[in-house]
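Presented below is the structure to which this report refers.
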Amino acid sequence: MPSLNVSFTDEELEGVRAAAAAEGKSLKQYLHDLGVREMQRKQFVAGATGWADRLREEFDQAFPDEVPPARRGNGAAAA
């Protein structure tokens, strides 16, 4: 596995070490988990956005008063 060098200021490194200690992890494990969590967060956000996009039309039809003026399609401009 390739090695990775990451630079932190002294203040940043102190904060990262404190966060790792608060979770009871080594600095190496904490940084690994941080990267994995961020990847999972991005996947979750992409999935949630896709789900919302698929349901938007149905929601807009069920709750027309909740549709933002700019998206109402009747030429109304946003206030």
Side-chain angles (χ1 to χ4, degrees):
M1 182 177 301
S3 174
L4 177 66
N5 292 319
V6 180
S7 298
F8 294 97
T9 65
D10 290 341
E11 184 178 315
E12 290 168 339
L13 187 54
E14 181 181 324
V16 173
R17 281 190 173 134
E23 291 191 20
K25 297 179 180 178
S26 69
L27 186 58
K28 183 177 180 178
Q29 186 63 50
Y30 179 80
L31 291 173
H32 169 268
D33 292 353
L34 187 64
V36 170
R37 282 194 308 263
E38 179 61 13
M39 184 175 53
Q40 290 170 338
R41 184 195 69 80
K42 286 180 180 182
Q43 290 171 345
F44 173 82
V45 169
T49 300
W51 176 79
D53 289 344
R54 287 189 301 277
L55 295 177
R56 181 169 286 117
E57 184 177 342
E58 180 181 340
F59 182 89
D60 289 351
Q61 289 173 0
F63 304 99
D65 293 341
E66 298 296 323
V67 177
R71 284 198 7 243
R72 288 188 184 155
N74 61 4

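The figures here come from the full heavy-atom set of this structure, side chains too, leaving out hydrogens, waters and symmetry mates.
- A pairwise comparison of heavy atoms in Glu66 and Phe59 identifies CB-CE2, 4.1 Å as the closest pair.
- No path of Ile, Leu, Val, Met, Phe, Trp and Tyr side chains, each step under 4.5 Å between heavy atoms, connects Leu31 with Val36, placing them in separate hydrophobic clusters.
- The two residues Tyr30 and Glu23 come nearest to each other via the heavy atoms CE1-OE2, 3.6 Å.
- Smallest separation of non-hydrogen atoms from Ala20 and Ser26: CB-O, 4.0 Å.
- With rounding to the nearest 0.5 Å, the separation of NZ in Lys28 from CG in Leu4 is 11.0 Å.
- Remark: Glu14 CD is loosely packed, at most 12 non-hydrogen atoms of other residues, nucleotides or ligands lying under 6.0 Å away.
- Listed by chain and number, the residues in a ring-ring contact (aromatic ring centres under 6.0 Å, His included) with Phe8 amount to none (sequence neighbours excluded).
- Under the side-chain contact (heavy atoms from CB on, under 4.5 Å) criterion, Asp53 pairs with Thr49, Arg56, not counting sequence neighbours.
- Residue Met39 forms a side chain to side chain contact (heavy atoms under 4.5 Å, CB included) with just one option from Arg37, Lys42, Gln43, and that option is Gln43.
- Under a hydrophobic clustering in which Ile, Leu, Val, Met, Phe, Trp and Tyr are joined whenever their side-chain heavy atoms come within less than 4.5 Å, directly or via other members, Leu13 and Val6 fall into the same cluster.
- Note: Asp65 CG to Asp60 CG = 11.5 Å, rounded to the nearest 0.5 Å.
- A salt bridge links Glu38 with Arg41: at least one charged nitrogen is closer than 4.0 Å to a carboxylate oxygen.
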